[in-house]
Amino acid sequence: MEKEFVVQLSPELFRVKTEIESELQNGNKTNEKLYSLILKAIAFLKEHRTGLPISKKLPIYRYYEKEYGITNLFMIKLTPGSRGFYTNVSGGQLKVLQIILEV
C-alpha cells in the first residue's frame, strides 16, 4: 500500500485563510495576494511535489522548532519574493500529514 499525503494548514494559517475568505466575500481585497499564495502552497503539496529541506543547523529551523515543535522543515518557493514552510508529521501507518506552517 502507498502512503497517503494529507495537506493541512497550521491552526494559525487556517484562521488567516478563513478571515481572508470572509473579507473577500465582503469585497475587501486587501489580502488577496496572501490568499492566493496560501492556495498555491496547498496546490503544490497536493500535486505530490516536495519542497527544499531546511538544515537543522539554520536559525530559521530553530525558530520553527521552538514555535511549532517540528522535527523536519521544508521550504516551497511560491513566487520570486515569497516562500512557504511546511513540515511532515506521521498521521498513522500509511498517512503523512503535510502541515503548512507559514506563507
Side-chain angles (χ1 to χ4, degrees):
M1 271 182 125
E2 196 175 302
K3 280 194 178 196
E4 177 190 5
F5 288 86
V6 178
V7 179
Q8 294 184 337
L9 299 176
S10 69
E12 166 94 3
L13 195 56
F14 180 78
R15 185 184 54 74
V16 168
K17 180 181 175 277
T18 54
E19 284 175 7
I20 295 173
E21 286 170 343
S22 180
E23 290 173 2
L24 289 171
Q25 285 177 350
N26 294 321
N28 179 351
K29 296 184 179 197
T30 308
N31 294 307
E32 191 173 30
K33 251 184 194 154
L34 176 58
Y35 185 72
S36 72
L37 291 174
I38 293 170
L39 295 181
K40 196 171 184 176
I42 293 168
F44 178 92
L45 292 175
K46 283 190 173 182
E47 292 169 6
H48 301 292
R49 295 164 60 195
T50 55
L52 304 167
I54 303 292
S55 168
K56 293 184 178 189
K57 296 175 182 171
L58 293 175
I60 186 100
Y61 181 91
R62 290 196 290 276
Y63 164 79
Y64 283 102
E65 183 179 40
K66 184 179 174 199
E67 192 74 19
Y68 296 98
I70 60 154
T71 57
N72 59 65
L73 182 65
F74 299 87
M75 180 183 72
I76 307 167
K77 291 183 180 179
L78 298 169
T79 65
S82 57
R83 302 179 291 273
F85 293 94
Y86 74 95
T87 187
N88 289 331
V89 179
S90 174
Q93 228 177 349
L94 295 171
K95 192 181 281 186
V96 175
L97 303 179
Q98 295 183 297
I99 302 173
I100 302 171
L101 303 171
E102 288 183 9
V103 172

What distance separates [X] [atom1] from [Y] [atom2], expressed to the nearest 0.5 Å?
X: I60; Y: R83; atom1: CD1; atom2: CZ; value: 7.0 Å
X: L34; Y: K40; atom1: CG; atom2: NZ; value: 13.0 Å
X: L78; Y: S36; atom1: CG; atom2: OG; value: 9.0 Å
X: E2; Y: L94; atom1: CD; atom2: CG; value: 10.0 Å
X: S55; Y: R62; atom1: OG; atom2: CZ; value: 8.5 Å
X: E65; Y: I54; atom1: CD; atom2: CD1; value: 13.5 Å

For [X] and [Y], which heavy atoms make the closest approach, and how far apart are they?
X: K3; Y: V96; answer: CD-CG2, 3.8 Å
X: L37; Y: S82; answer: CD2-OG, 3.4 Å
X: N72; Y: N88; answer: OD1-N, 2.8 Å
X: F44; Y: G51; answer: CE2-N, 3.9 Å

Report task. Tell me, yes or no, whether the heavy-atom count around F14 atom CZ, taken from other residues, nucleotides or ligands under 6.0 Å, exceeds 12. Result ->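 Incorrect, the count does not exceed 12.
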Compare all side-chain heavy atoms of [X] with those of [Y] and state whether any distance is below 4.5 angstrom.
X: M75; Y: L52; answer: yes
X: L101; Y: L73; answer: yes
X: L9; Y: I42; answer: yes
X: Y35; Y: L24; answer: yes
X: E102; Y: Y64; answer: yes
X: I100; Y: Q8; answer: no
X: I99; Y: Y68; answer: no
X: I70; Y: Y61; answer: yes

Query raised in the report: What orientation do F74 and Y86 show, parallel under 30°, tilted 30 to 60°, or perpendicular over 60°?
Result: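 Aromatic pair F74/Y86 classed parallel.
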Query raised in the report: Is it true that R15 and E12 have a side-chain N and a carboxylate O under 4.0 angstrom from each other?
Result: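 Yes.
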Report task. Return yes if some donor-acceptor pair links the side-chain N/O of N26 with the main-chain N/O of N28 below 3.5 Å, else return no. Result ->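 Such a contact is absent between N26 side chain and N28 backbone.
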